[in-house]
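Quick note on labels: first sequence line is chain A, next is B, and so on, each numbered from 1.
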Protein chains: 2
Amino acid sequence: MHPDTAKIARLVGDPSRSAMLIALMDGRFHTAKELAWAAGITPQTASFHLRKLENTRILQVEKHGRHRYYRLSDTDVAHWMESLLRVAPLTPVRSLRQSSQQRALREARTCYDHLAGKVGVELTEGMVNRGILEEEGTDYRITPAGEHFMYRWELDLTVIRKKRRSFARCCLDWSERKHHLAGALGHAVLNRLLETDWIRRLPSTRAVQVTEKGKEGLREAFGLDL
Amino acid sequence: MHPDTAKIARLVGDPSRSAMLIALMDGRFHTAKELAWAAGITPQTASFHLRKLENTRILQVEKHGRHRYYRLSDTDVAHWMESLLRVAPLTPVRSLRQSSQQRALREARTCYDHLAGKVGVELTEGMVNRGILEEEGTDYRITPAGEHFMYRWELDLTVIRKKRRSFARCCLDWSERKHHLAGALGHAVLNRLLETDWIRRLPSTRAVQVTEKGKEGLREAFGLDL
DNA sequence: CCCAAGTTTCGATATAGATCGAAATATGAA
DNA sequence: TTCATATTTCGATCTATATCGAAACTTGGG
């Protein structure tokens, strides 16, 4: 009668698998070895776990040469992990390094394949304030003014609309507890921000950094004060 | 550095605990014995599980006499369970009885302490269409017209606003994949619907039933066609 | 005070499954 | 072909924990 919740939750309920899934929350593909390293386990053990995750609809895998590339199978899984982060207690911070990492995550990070954290939420709010987006149910809708803006910003909406996934979803941010932009448009915006070097990925973390150029650009384009 | 996701997920990852938590998703208090029955385990075993859930922030407990009343500790937990239901695979339906129960759940059910399912979503959309509510970020905002409506509907907003919890939140419906009204207002609306006998709780399930009177009332008040 | 009912504690048991070493398999590179 | 690297398979081990019977504890009612 009910969806088999225990089965899914159990999979995330192992520290190694949980660590791998959190590593995958940046929305990129990762190899089995990378994930083993992220979880602090041997490749054999990682293989054991990954097969379990693959057998449900949690992970998708692509074989390329001798690598297997894993990623979260869809946004529902990413959303669920995000909402889990809201519920899970924060472990006491054990070191200065960890607390600064945590601060960086709350400031700006990737959530699956779009931007989240304080910057992600403020960017989305900026787009709404400037009349680029309107919230509508669980989605955002782009306004005519927004279409024009995206054209000037060199973001081709026709291509984005062709994708099978939903165009512009609301995603609830675990650290900010407000919505930010997700979906194909959210993904495209993140890519544009990376392309233009307004934000940069940091190695081995989901946190991202807003460059000086980015701060200026975001202020001018969306009224953000970072 | 990260919230301790595995610890929380592990707790839900046991079939017995999962069954108890799903039973608790109606937002009401349940005794340990009821929950044991819902999970198909003995009271000893339930006690063992409930203590674990109590030790995290998942469950709240109140002692009254020789009973212990449990409920989900807050809406974040309820939301998380809802999003888990979106991810979890539907187990193959094994009987006619189960499939009709499932249909009833999708039609109308309580989600924590407010109304969800098709009826919950349509009611919320009806309120938006009639200019009673406006969606704003992760919340709904009540309009002046809405205030007037609630006054005529005998729902005292001043009392609701005094509650510490958030006034009118968006909650994402797992079966409809749209928002419905949650928060203190969502709770009050559910209560009003029960009081006026527009909907009725069904025994031992989260599903609720819209009465004939309710169908008429909901059509007239919110334009619903059930 | 005594009984009944709800709940917890204790102890014993049984099972699942996370882990890794060693070895096998697959693939690309030289 | 040969070597190196990524991944999986197999086997063994070890630990965690879900379960329930029996008994204790708690509380309300008579």
Separation of atom CD in A:Glu34 from atom C1' in D:dT5, rounded to whole Å: 14 Å
Measure the distance from CD on B:Glu54 to P on C:dT8 and round it to the nearest whole Å. 8 Å
Which is true for B:Tyr70 with a 4.0 Å heavy-atom rule: it touches a base, it touches only sugar-phosphate, or it touches nothing? sugar-phosphate
Rounded to whole Å, CZ of B:Arg68 lies from C1' of C:dA5 at a distance of 16 Å
Sequence neighbours excluded, the answer for side chain to side chain donor-acceptor pair (under 3.5 Å) partners of B:Thr110 is none
Take the protein atom OH of B:Tyr69 and the nucleotide atom P of C:dG6, then report the distance between them rounded to whole Å. 10 Å
Where along nucleotides 17-30 of chain C does protein come under 4.0 Å, by heavy atom, of base (B) or sugar-phosphate alone (S), with - for untouched nucleotides? SSBBBB----BS--
Sorted by chain and residue number, the side-chain contact (heavy atoms from CB on, under 4.5 Å) partners of B:Ala182 (sequence neighbours excluded) come out as B:His114, B:Arg169, B:Cys171
For A:Lys33, is the NZ atom crowded, meaning more than 12 foreign heavy atoms sit under 6.0 Å from it? no
Round to the nearest Å and state the distance from B:Leu53 atom CG to D:dA18 atom P. 10 Å
Distance, rounded to the nearest Å, where A:Leu35 contributes CG and D:dT7 contributes C1': 13 Å
Using the test side chain to side chain donor-acceptor pair (under 3.5 Å), find all partners of A:Arg109 that sit at least two apart in sequence or belong to another chain. A:Asp173, A:Ser175
For B:Ser83, enumerate each residue passing the side chain to side chain donor-acceptor pair (under 3.5 Å) test, keeping only those at least two apart in sequence or located in another chain. A:Ser83
Report the residues that fulfil side chain to side chain donor-acceptor pair (under 3.5 Å) with B:Glu154, sequence neighbours left out, ordered by chain and then residue number. B:Arg192
Whole-Å gap separating P (C:dG6) and NE2 (B:His30): 16 Å
Taking atom P of D:dT8 as reference, at what distance in whole Å does atom NZ of A:Lys33 sit? 13 Å
Under 4.0 angstrom between B:Arg51 side-chain N/O and C:dT9 OP1 or OP2: yes
